[in-house]
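Notes follow once the structure below has been shown.
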Amino acid sequence: MKRPESTIEPMPLSLSLPAPVMSQVHLGAATHCPYCALQCGMYVTPAHEGGPVVTPRHDIPANAGALCQKGWTAGELLTNGARLTSPLARADRASPLEPVSWEEALARVAGAVRAVQAAHGPDGVAVFGGGGLTNEKAYLLGKFARVALATSQIDYNGRFCMSSAAAASTRAFGMDRGLPFPVTDIAEADVVLLAGCNVAETMPPFMRHLPAGLIVADPRETRTAARARLHLRVTPGTDLALALGLLHIAITEGYADPAYIEARTTGFQEVRASVASWWPERAERVTGVPVAQMREAVRLLGTAGRAMIITGRGAEQHAKGTDTVTAFINLALALGLPGRAGSGYGCLTGQGNGQGGREHGQKADQLPGNRRIDDPAARAHVAAVWGVDPRDLPGPGRSAYELLDALGTDGGPRALLVFGSNPVVSAPRTGRVAERLAALDLLVVSDIVLSETAAMADIVLPTTQWAEEHGTMTNLEGRVLLRRQAVAPPSGVRSDLAIISALAALLGRGEGFPGEAREVFDELRRASAGGVADYSGITYERVAAGAMYWPVPAEDHPGTPRPFLDRFATPDGRARFLPVDHRPPAEDVDEEYPYYLTTGRVLAQYQSGAQTRRVAALNDAAPEPFVEVHPDLAERLRVAQGDLVRVTSRRGHAEVAARLSRAIRADTVFMPFHWEGANRLTNPALDPVSRMPEFKVCAVRLERAGGPPGAPPGEPRVAPAPGARAGRGREA
Ligand SMILES: Nc1nc2c(c(=O)[nH]1)N[C@H]1C(S)=C(S)[C@@H](COP(=O)(O)OP(=O)(O)OC[C@H]3O[C@@H](n4cnc5c(=O)[nH]c(N)nc54)[C@H](O)[C@@H]3O)O[C@H]1N2
Ligand SMILES: Nc1nc2c(c(=O)[nH]1)N[C@H]1C(S)=C(S)[C@@H](COP(=O)(O)OP(=O)(O)OC[C@H]3O[C@@H](n4cnc5c(=O)[nH]c(N)nc54)[C@H](O)[C@@H]3O)O[C@H]1N2
Ligand code: SF4
Ligand SMILES: [Mo]
């Protein structure tokens, strides 16, 4: 490596920082949270006893001085004893991981990659990326796969997250920008419908942007739903029918906006015909949402001066997620919302760089700038930037679950390089995923801690994290932000960029893989130029000086906070209505597996828990996995609060403590996926368009585990529904 490993790099910004930024320098480096897509602004001050101190920034409107508990405690990630500080490798599968030098670790990766490719061809090696990686990392990783490895086999965890919303937005609007408006616009709406988002726990400071006129569709009475004027307690997996029913009501009761539909859209007639049979009583039968509530929701949305419809993973993580989002977009279009100030449709991106991470080419079917890899013009443009022949660029590869499912099989990849994901906890049907990972000739994981996936690896590469590095992140509103280095990384770790750069060199690609973020970003700008997600006009200086919303096609272009105000990004500038129809979940309940399992998040844990389970305060707040069960169901199962319950699906089982709550439907149970277990149960049925797995609904049975079967349930201690709770979470 060229640069010393434990010194702070100079700020990559010139000294022309605007005054407000300069005056805050004493607060520590102005950077952003390591976790979710709200990317709350924070200062990180290195020199404090007990480790770096985090304080919120006020100059980033997304959080405006607030942080959630995860943000406040993020400093602990930087000094955590669980941090990896040396590469690890094992002599063979039976031996333990032992510290090795960087030279040895990288040489072993390169040697094994060569051997696998010699025996099985370029596609013998696969890459799995993450939506938490900076734009620079996501870009370089995609280029590394296509150019240095010449493999088509790259995908990333965002397939499990944003792919359905992305696919639906692209086909309706020609552009996939999660919120096509600044997050602060939401407060200007009179009514917001949140379909399958629990922002009170998943991005608490976001709550302040929500208006009083809140409608929430969720099978559970979450802390978010408790704040809503109207809670539609939808049966898991039936949002598509809900959206069709709402559109039927909107049309028949005169809330559609004919002038808008005429001027700004195509395809309304087909959609109108397709929802004609979705009369409200039929939608009620499918969704469990009373007709009166559906009418009330449409009336609120239809009579509001400004209204928004926003989807989250609850509506999207289904084998019909793309069509479900399309149905909500159809509703928004019929009401005349998208492309009007203070109104619109949006989805809530989840991971820290879930937006940028899905634009720059770590996705199987995509090249930088959110270009399609099967588009000859896109291939020609990117190949020219990369200095390669377009014919040498591989075509689309397998989607995330299909890739994991194929590992070590006949014709599947024999080696996998993972950067920024923990799929053995977070992928669906993890029993199968663990078996496939174990069948590989080579598993390499770059991580900051020994995640469950890293623990299975042959070689583990310890990497720098958020406040130890520079780069850019694109938040949920499409705003590009600077991740600034605040503290020196521990000696012994290298950045992902340096790792990719070194591996490329060892594989004979010394040119074209710089290890410095800014240099990578400058190339990313050129590669994205002319694409849908055009970053060509963005510089680190401009990002530091003010809000930069993509697309930014030139250095004198002001950026695009609201891309759809005049026209949509389709060839004719019009948004497209697309007819879609409801279908049941891929796996419905039956006699053997009589209950729905849905999965999701709790406030204090993040994703696979690799980071947050290692932060003491967070682990105290949410120490163990559980299954949320309605007291009526618990009584039927003879299960009391805290009892160990065995939850079984067709794919596996997990034993977790029961948490009784009236906040959930009696036909449904909920498990967070932050611990190994929930995903042993989930169904990898894939959406035909987005290849999103059906995380949010499968069929399970439950029984009391341990203890004498059929013992009296005792006095169940039932958690009150969140509406009854005094506190409102640990929001600052
Ligand atoms: N604390 C915390 N915050 C996070 C994360 C985290 O792991 N922990 N992860 C980040 C990431 S990557 C993401 S993607 C976001 C996700 O943010 P959200 O989408 O808000 O999170 P989830 O908990 O997965 O799902 C939201 C809600 O969907 C509901 N739901 C389940 N099934 C259905 C259904 O069929 N229909 C409907 N309408 N609702 C349903 C669940 O009950 C849940 O309350 O959060 C981000 N923020
Ligand atoms: N059942 C169920 N499963 C789900 C979901 C659900 O709702 N239900 N949600 C899905 C969703 S939306 C998502 S986004 C996925 C997320 O699932 P994962 O991809 O497993 O997400 P993380 O736990 O964030 O994993 C990130 C890993 O990268 C490491 N890391 C952090 N920063 C860096 C970095 O800069 N470089 C490198 N190399 N490593 C880093 C972390 O320590 C961690 O081990 O889970 C999906 N799985
Ligand atoms: S909501 Fe919490 S986890 Fe998300 S960016 Fe803000 S402080 Fe971090
Ligand atoms: Mo996500």
Side-chain angles (χ1 to χ4, degrees), residues 32-40 42 56 62-63 66-72 74 128 130-134 137 156-158 160-162 194-199 201-206 216-220 222 224-225 232 234-239 242 311-318 324 348-352 354 418-428 445-449 451-454 461 463-466 469 475 495-496 499 585 596 598-612 664 668 670-674 678-679 681-682 693 695-697 732:
H32 296 270
C33 179
Y35 302 116
C36 87
L38 199 57
Q39 280 298 287
C40 294
M42 52 171 59
N63 66 305
L67 298 173
C68 78
Q69 192 188 9
K70 295 187 298 303
W72 279 111
F128 200 91
L133 302 178
T134 60
K137 295 178 185 190
Y156 80 125
N157 69 5
F160 298 154
C161 182
M162 301 312 301
L194 289 180
C197 327
N198 180 16
V199 281
E201 298 203 58
T202 54
M203 26 189 93
F206 185 92
V216 170
D218 197 305
R220 302 185 302 140
T222 58
T224 315
L232 312 175
V234 60
T235 305
T238 65
D239 296 74
L242 176 69
T311 58
R313 301 308 84 75
E316 299 163 7
Q317 287 173 323
H318 295 273
T324 300
L348 291 182
T349 294
Q351 297 183 88
V418 180
F419 285 80
S421 182
N422 188 10
V424 81
V425 175
S426 58
V445 175
S446 166
D447 207 304
I448 56 184
V449 292
S451 71
E452 287 77 359
T453 306
L461 304 173
T463 193
T464 54
Q465 56 179 333
W466 60 296
E469 59 185 25
N475 76 359
S495 75
D496 290 306
I499 292 168
Y596 294 111
T598 191
T599 61
R601 294 159 166 84
V602 299
L603 176 78
Q605 296 287 355
Y606 189 69
Q607 312 277 61
S608 73
Q611 291 156 287
T612 47
I664 191 157
T668 302
F670 169 83
M671 286 174 76
F673 77 102
H674 309 298
N679 274 323
L681 311 172
T682 48
F695 285 119
K696 285 294 193 267
V697 57

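Every heavy atom of this structure was used, including side-chain atoms; hydrogens, water molecules and symmetry mates were not. Both counts, for ligands and for their atoms, begin at 1 and track the order of listing.
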Polar side-chain atom of [X] near backbone of [Y] as donor-acceptor pair, under 3.5 Å:
X	Y	answer
Thr324	Glu316	no
Asp239	Leu242	no
Lys70	Gln605	no
Ser421	Gly130	no

With under 30° as parallel and over 60° as perpendicular, where do the rings of Phe128 and Phe160 fit, or are they tilted in between? tilted

Protein residues that have a heavy atom under 4.0 Å from any atom of ligand 1, sorted by chain and number: Cys36, Lys70, Cys161, Gly196, Cys197, Asn198, Glu201, Thr202, Ala217, Asp218, Pro219, Arg220, Thr222, Val234, Pro236, Gly237, Asp239, Gly312, Arg313, Gly314, His318, Gly350, Gln351, Thr598, Gly600, Arg601, Val602, Leu603, Gln605, Tyr606, Gln607, His674, Lys696

Is the shortest side-chain heavy-atom distance between [X] and [Y] below 4.5 Å?
X	Y	value
Gln607	Asn422	no
Arg313	Thr202	no
Phe695	His318	no
Pro205	Leu38	yes

Does Val425 reach ligand 2, in the sense of a heavy atom lying below 4.0 Å from it? no

Would Met671 count as a contact residue for ligand 2, given that I'm defining contact as a non-hydrogen atom of the residue lying under 4.0 Å from a ligand atom? no

Evaluation steps, side-chain hydrogen bond (donor to acceptor under 3.5 Å, both in side chains), between Asp496 and Ser446: CA-CA 7 Å; Asp496 290 306; Ser446 166; 2.6 Å; yes

Ligand 2 atoms in contact with [X] (distance to a heavy atom under 4.0 Å):
X	value
Lys137	34 (C), 35 (O), 36 (N)
Asp496	34 (C), 35 (O), 36 (N), 37 (C), 38 (N)
Thr463	36 (N), 37 (C), 38 (N)
Asn422	18 (P), 19 (O), 20 (O), 25 (O)
Thr682	1 (N)
Ser446	37 (C), 38 (N), 39 (N)
Ser451	44 (O)
Ile448	42 (O)

Between Phe670 and Arg220, is there a cation-pi geometry (under 6.0 Å to ring centre, at most 45° from the normal)? yes

With a cut-off of 2.8 Å, strictly less than, protein N/O/S atoms near atom 8 (Fe) of ligand 3 add up to 1

Could you go through the side-chain hydrogen bond (donor to acceptor under 3.5 Å, both in side chains) check for Asn157 and Gln351 one step at a time? CA-CA 10 Å; Asn157 69 5; Gln351 297 183 88; 2.8 Å; yes

Closest approach of Leu194 and Thr224, non-hydrogen atoms and distance? CD1-CG2, 3.8 Å

Least distance between heavy atoms, His674 atom then Tyr606 atom: ND1-C, 3.7 Å

Tell me which part of Thr453 gets within contact of ligand 2: side chain, backbone, both or neither, using heavy atoms under 4.0 Å. neither

Report the C-alpha distance between Ile499 and Phe419 in whole Å, list the side-chain angles of each, state the deciding distance to 0.1 Å, and finish with yes or no for side chain to side chain contact (heavy atoms under 4.5 Å, CB included). CA-CA 10 Å; Ile499 292 168; Phe419 285 80; 4.2 Å; yes

Glu469 side chain to Thr464 side chain, donor-acceptor N/O pair below 3.5 angstrom: yes

the protein heavy atom lying closest to atom 1 (S) of ligand 3 turns out to be Pro205 CD, 3.4 Å

Per-residue contact class, Ala37 against ligand 3 - non-hydrogen pairs under 4.0 Å: neither

